[in-house]
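Can you keep this structure in mind? I'll have questions shortly.
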Amino acid sequence: MWSVSAIIGLLIAGIILGILGRLLAPGRQAIPFWLTILAGIVGALVGNLVAGWTGVAETDGFDWWRHIFQVIAAVIAVVLAASLYPKARART
């Protein structure tokens with residue numbers, strides 16, 4: 001299934017992509033850091049899926065397109081999380 005190194009790599013990618021997503025997303029994102037990491041993990045997974053669908057997941061050298069798809073997906077995930085988080089918190 002998932003190895004420990006794969007999980008650690010996904011967490012590191014989630015942190016990096018989550019922070020990039022917050023930096024590139026418009027406006028202020030009032031979400032906690034754990035939700036930023038979760039949005040980054042979603043961005044990594046969705047970006048990999050899109051790269052696979054478009055045929056650019058595995059290339060020679062640096063996978064620019066895969067990383068661009070991951071950052072775009074992370075920005076979208078951060079924006080969605082920021083728009084849904086205050087509403088979920090208000091209900092509790």
Return the CD1 to CG distance between I41 and L11, rounded to the nearest 0.5 Å. 5.0 Å
Rounded to the nearest 0.5 Å, how far does CG of L84 lie from CD1 of I31? 10.5 Å
Backbone N or O of F33 within a donor-acceptor pair of the R22 side chain at under 3.5 Å? no
Could you tell me which non-hydrogen atom of A39 sits nearest to which non-hydrogen atom of A77, and how far apart they are? O-CB, 3.6 Å
Are the side chains of V79 and P26 in touch, meaning some heavy atoms are under 4.5 Å apart? yes
Do you reckon V56 sits in the same ILVMFWY cluster as L49, going by side-chain contacts under 4.5 Å, direct or chained? yes
Rounded distance (nearest 0.5 Å) linking atom CG of L24 with atom CD1 of I72: 10.0 Å
Check for me, please, whether L10 and I7 land in the same ILVMFWY cluster - side-chain distances under 4.5 Å, paths through other members count. yes
L23 CG to Q29 CD distance, which is reported to the nearest 0.5 Å: 8.5 Å
Report the C-alpha distance between V50 and W65 in whole Å, list the side-chain angles of each, state the deciding distance to 0.1 Å, and finish with yes or no for side chain to side chain contact (heavy atoms under 4.5 Å, CB included). CA-CA 10 Å; V50 172; W65 284 109; over 6 Å; no
So, for L17 and G43, which heavy atoms are closest and what is the spacing to 0.1 Å? CD1-C, 4.4 Å
Counterpart residues, side chain to side chain contact (heavy atoms under 4.5 Å, CB included), relative to W64 (two or more places apart): F62
How long is the straight-line distance from CD1 of I16 back to CD1 of I37, given to the nearest 0.5 Å? 11.0 Å
Report yes or no: do L80 and V78 belong to one cluster of Ile/Leu/Val/Met/Phe/Trp/Tyr joined by side chain heavy-atom distances under 4.5 Å? no
For G21 and V75, which heavy atoms make the closest approach, and how far apart are they? CA-CG2, 3.8 Å
Quick check: is V46 connected to I76 through a chain of hydrophobic side chains (ILVMFWY, heavy atoms under 4.5 Å apart)? yes
Output for pair (L38 CG, L35 CG), nearest 0.5 Å, gives 6.0 Å
Within one Ile-Leu-Val-Met-Phe-Trp-Tyr cluster: L45 and W53, side-chain cutoff 4.5 Å: no
